[in-house]
There are 2 protein chains.
Amino acid sequence: MWLIMLQLRDLPTQEVLQRFAQRYPAADVTAIASFLMLLRVATDLSIALDACLSKHDLLQGRWWVLILLMREADLTSTPSTLAEKLGVTRATMTGLLDGLEQVGLVQRVAVPEDRRSVKIRLTAAGQAKLDAVMPDYYTRLRLCMQGLSESQRNDLQSILGVIDQGMSAWDFNQ
Amino acid sequence: MWLIMLQLRDLPTQEVLQRFAQRYPAADVTAIASFLMLLRVATDLSIALDACLSKHDLLQGRWWVLILLMREADLTSTPSTLAEKLGVTRATMTGLLDGLEQVGLVQRVAVPEDRRSVKIRLTAAGQAKLDAVMPDYYTRLRLCMQGLSESQRNDLQSILGVIDQGMSAWDFNQ
DNA sequence: ACATTATAGTTAGCCAGCTAATTATGTCAA
DNA sequence: TTGACATAATTAGCTGGCTAACTATAATGT
């Protein structure tokens, strides 16, 4: 999961939004404000995550790969599957795996049944790296979210679900 | 505002989350699920935005610059200010402005009072470009958010505000 | 069986961010 | 007034995504 986005430090004032809405009648002021704030908070979270991971000599892309491998019962997957789950191209996955293999966190293993394919296995060192990173990450995330009640967390997830549904509208007219 | 992020197509199942929480006691399952969904929806939105802009031959970074200029009463700003508002380095802003000036959407104007500085002005062509893009963007955004009631939009914004507050927790222990 | 097509992974080269260093100008204090 | 420092913008070079092209292997249809 890669989120690369400008930070938009400067959200528009209500006044500016009104001015834009006047020029562009299609504008829905509360939709725009919600959208911008969503992008901004997500970006801030992603940047904070980067900072946390960098203290453990990890980049976000490589870290997600380790997590995806740990999710598997046999700590094993293939480059194609990992690429699809992470939403990156297979070419990008090759690069991520090169980096991880070079520092010994994963291992490429030949697959005799299909000689085109390769198995990727989380090594003991890879698991150890996750055991070092995850408690730190989870602790920060807990603190970051502790201001939200359980019902607010549910609200957030259902609201995000509605937006996700609505996303199909983006592509309506091509 | 730049959001560059992996897509994380594959959110963890409840079962996987439980397994991770067992290994890492610091894990807060509902916090993690909310966080991941937030990142994912924001990424999807950012990608959809890219797609919309590319139909108008614009990249997200350059488009935000045009918007920031249009927010100004005199359609004018400086590279430093724009960089700060967009959350990018001044070096990056130089590149964005090079691109925009080359296609005539903005103009660099010398500042006699401080010869180190340069004014950036939105040109008529730049305004025309926005007039072409914004209705399209606003229409898609309206459709995308139309499933949310006014109170849900308020909920979303206040929830995001709480998370933003909580973000300071990330850096608590260095 | 064998030519066509599909699939897995990699390589080569592009692109738009980034950091660090550079140039030019302005500010301030001894 | 001049030396030290601060600020504005730029340049040079790095990085980690991307697309497109390539190699190797497997599957499929006549």
Side-chain angles (χ1 to χ4, degrees), chain A residues 1-9 43 46-47 49-51 53-54 57-65 76-103 106-121, chain B residues 1-9 43 46-47 49-51 53-54 57-65 76-103 106-121:
Chain A
M1 173 187 207
W2 238 203
L3 185 137
I4 305 186
M5 153 190 206
L6 296 167
Q7 285 184 66
L8 196 49
R9 306 306 330 156
T43 305
S46 182
I47 290 169
L49 177 55
D50 283 338
L53 293 176
S54 79
D57 299 311
L58 272 178
L59 298 170
Q60 211 180 124
R62 295 181 185 176
W63 176 69
W64 287 116
V65 171
T76 290
S77 186
T78 67
S80 301
T81 308
L82 291 169
E84 193 181 354
K85 289 184 174 174
L86 201 54
V88 299
T89 63
R90 278 170 305 173
T92 297
M93 186 52 63
T94 295
L96 291 173
L97 294 173
D98 284 349
L100 286 168
E101 190 174 38
Q102 207 152 29
V103 294
V106 306
Q107 195 178 3
R108 282 181 170 93
V109 183
V111 177
E113 314 88 84
D114 183 344
R115 294 176 50 204
R116 292 170 303 180
S117 188
V118 176
K119 284 269 177 202
I120 305 298
R121 183 155 55 206
Chain B
M1 173 185 208
W2 238 203
L3 186 137
I4 306 185
M5 153 190 206
L6 296 168
Q7 285 185 67
L8 196 48
R9 305 307 329 156
T43 305
S46 182
I47 290 170
L49 178 56
D50 284 337
L53 294 177
S54 79
D57 299 312
L58 272 179
L59 298 170
Q60 212 181 123
R62 295 182 186 177
W63 176 68
W64 287 117
V65 171
T76 291
S77 187
T78 67
S80 301
T81 308
L82 291 169
E84 193 181 354
K85 289 185 174 174
L86 201 54
V88 299
T89 62
R90 276 170 304 174
T92 296
M93 186 51 63
T94 296
L96 291 172
L97 295 172
D98 284 349
L100 286 167
E101 190 174 39
Q102 207 152 29
V103 295
V106 306
Q107 196 177 2
R108 281 182 171 92
V109 183
V111 177
E113 312 88 84
D114 183 344
R115 295 175 50 204
R116 294 170 302 180
S117 187
V118 176
K119 284 269 177 200
I120 305 297
R121 183 155 55 206

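Here is how names work: the chains are called A, B, and so on, in the same order as the sequence lines, proteins then strands, and each is numbered from 1.
- Here the CE-CG distance, from B:M93 to B:L100, works out to 9.0 Å after rounding to the nearest 0.5 Å.
- By the salt bridge (charged side-chain N to carboxylate O under 4.0 Å, His left out) test, A:R116 is found to be paired with A:D114, residues two or more places apart in sequence or in another chain being considered.
- Not counting sequence neighbours, the partners of B:T81 by the side-chain hydrogen bond (donor to acceptor under 3.5 Å, both in side chains) test are B:T78.
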Between the protein and nucleotides 6-12 of chain D, list every N/O to N/O distance that falls short of 3.5 Å.
unit_1 : atom_1 : unit_2 : atom_2 : d
D:dT7  : O2     : B:R116 : NH1    : 3.0
D:dA9  : OP1    : B:S117 : OG     : 3.2
D:dA9  : OP1    : B:V118 : N      : 3.2
D:dA9  : OP1    : B:V118 : O      : 3.3
D:dA9  : OP2    : B:S80  : N      : 2.8
D:dA9  : OP2    : B:S80  : OG     : 2.1
D:dT10 : OP1    : B:R108 : NE     : 2.8
D:dT10 : OP1    : B:R108 : NH2    : 3.3
D:dT10 : OP2    : B:T94  : OG1    : 3.1
D:dT10 : OP2    : B:R108 : NH2    : 3.4

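- Taking atom CD on A:Q60 and atom C1' on D:dG17, their separation rounds to 13 Å, with Å as the unit.
- Rounding to whole angstrom units, CG of residue A:L86 and P of D:dG17 are separated by 9 Å.
- Legend: residues meeting salt bridge (charged side-chain N to carboxylate O under 4.0 Å, His left out) with B:E84, ordered by chain and number and at least two apart, are absent.
- Between the CH2 atom of B:W63 and the P atom of C:dA16 there is a distance of 17 Å, rounded to whole Å.
- Atom-to-atom, CD of B:E113 to P of C:dG26 comes out at 10 Å; the value is rounded to the nearest Å.
- If you take CG of A:L59 and P of C:dC18, they are 15 Å apart, rounded to a whole angstrom.
- Residue order along DNA chain D, read from the 5' end via each residue's closest nucleotide, puts A:T89 first among A:R115 and A:T89.
- Partners of B:T76 by side-chain hydrogen bond (donor to acceptor under 3.5 Å, both in side chains), not counting sequence neighbours: none found.
- Atom CG in A:L82 sits about 19 Å away from atom P in C:dT7, given to the nearest Å.
- Qualifying side-chain hydrogen bond (donor to acceptor under 3.5 Å, both in side chains) partners for B:T89, counting only residues two or more places apart in sequence or in other chains: B:T92.
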